[in-house]
> 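Right, I'll just put the structure down here and ask away after.
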Amino acid sequence: EDSTSRDANVHFMCKVSYLEIYNEVIRDLMVPAGTQQKKLDVLRHPKLGVFIPGLQECEVSKYEDVTEIIDFGQKMRSVAATSMNATSSRSHCIFTFTLEREQREKDS
């Protein structure tokens with residue numbers, strides 16, 4: 001079997017999520033301003049590991065999709081003035097990029 005016939009049966013999916021931790025509260029940075037956000041909590045699953053139920057994941061297919069989401073999320077971040085910077089971020093953010101590979105069965 002050559003590699004081209006094997007590769008036709010493999011599907012990749014890229015997803016991203018973007019969150020902010022500010023004053024011990026987790027916020028989804030992909031939710032538009034003014035929209036009511038659900039309370040997000042960090043949970044640990046024995047097989048899946050650490051995850052946040054309710055955090056939006058967005059499927060992306062090209063670089064421009066990713067940069068658009070990063071730019072949008074940056075605008076949603078909590079900022080405040082400090083003595084050193086007029087728009088200092090007062091939070092931590094986590095941008096997660098997930099790549100999933102699925103092997104599909106060959107058609108008979």
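Here, residue 1 is the first one in the sequence, and each next residue gets the next number.
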> Counting C-beta onward and ignoring hydrogens, is there a side-chain heavy-atom pair between Asn9 and Gln103 closer than 4.5 Å?
yes
> If two hydrophobic side chains count as joined below 4.5 Å and joins carry through other members, does Met76 share a cluster with Val25?
no
> Find out whether Val50 and Val42 are in side-chain contact, i.e. whether some heavy atom of one side chain is under 4.5 Å from a heavy atom of the other.
yes
> Under the side chain to side chain contact (heavy atoms under 4.5 Å, CB included) criterion, do Val10 and Arg101 qualify, and how do the steps go?
CA-CA 7 Å; Val10 176; Arg101 179 182 183 266; 3.7 Å; yes
> Is there a side-chain contact between Leu43 and Pro53, using heavy atoms and a 4.5 Å cut-off?
yes
> Is there side-chain contact between Leu19 and Leu29, with heavy atoms separated by less than 4.5 Å?
no
> May I ask you to check whether Glu57 and Ser17 show a side-chain donor-acceptor distance below 3.5 Å?
no
> Quick one: does Glu68's side chain get under 4.5 Å of Asp71's, heavy atoms only?
no
> Do Ile21 and Met30 land in one hydrophobic cluster if side-chain heavy atoms of ILVMFWY residues count as linked below 4.5 Å?
no
> Could you check if a side-chain atom of Glu59 sits within less than 4.5 angstrom of a side-chain atom of Met13, using non-hydrogen atoms only?
yes
> Mind running side chain to side chain contact (heavy atoms under 4.5 Å, CB included) on Leu40 and Asp28 for me, showing each step along the way?
CA-CA 8 Å; Leu40 299 174; Asp28 190 333; 4.0 Å; yes
> So Ile69 and Cys58, do their side chains get closer than 4.5 Å, heavy atoms only?
yes
> Kindly work out whether a path of hydrophobic side-chain contacts (I/L/V/M/F/W/Y, heavy atoms less than 4.5 Å apart) joins Val16 to Tyr18.
yes
> Closest heavy-atom contact between Val31 and Gln56?
CG2-NE2, 3.2 Å
> Return the NZ to CD1 distance between Lys38 and Ile26, rounded to the nearest 0.5 Å.
13.5 Å
> Out of curiosity, Glu100 CD to Phe12 CZ, how far, rounded to the nearest 0.5 Å?
11.5 Å
> Under a 4.5 Å side-chain heavy-atom rule over Ile, Leu, Val, Met, Phe, Trp and Tyr, are Leu99 and Tyr63 clustered together?
no
> Can you tell me how far CZ of Arg77 sits from CD of Glu20, rounded to the nearest 0.5 angstrom?
6.0 Å
> Hey, are the side chains of His45 and Phe51 touching, using non-hydrogen atoms and a 4.5 Å cut-off?
yes
> Do the side chains of Val60 and Phe72 join up, straight or via other hydrophobic residues, at under 4.5 Å, putting them in one cluster?
yes
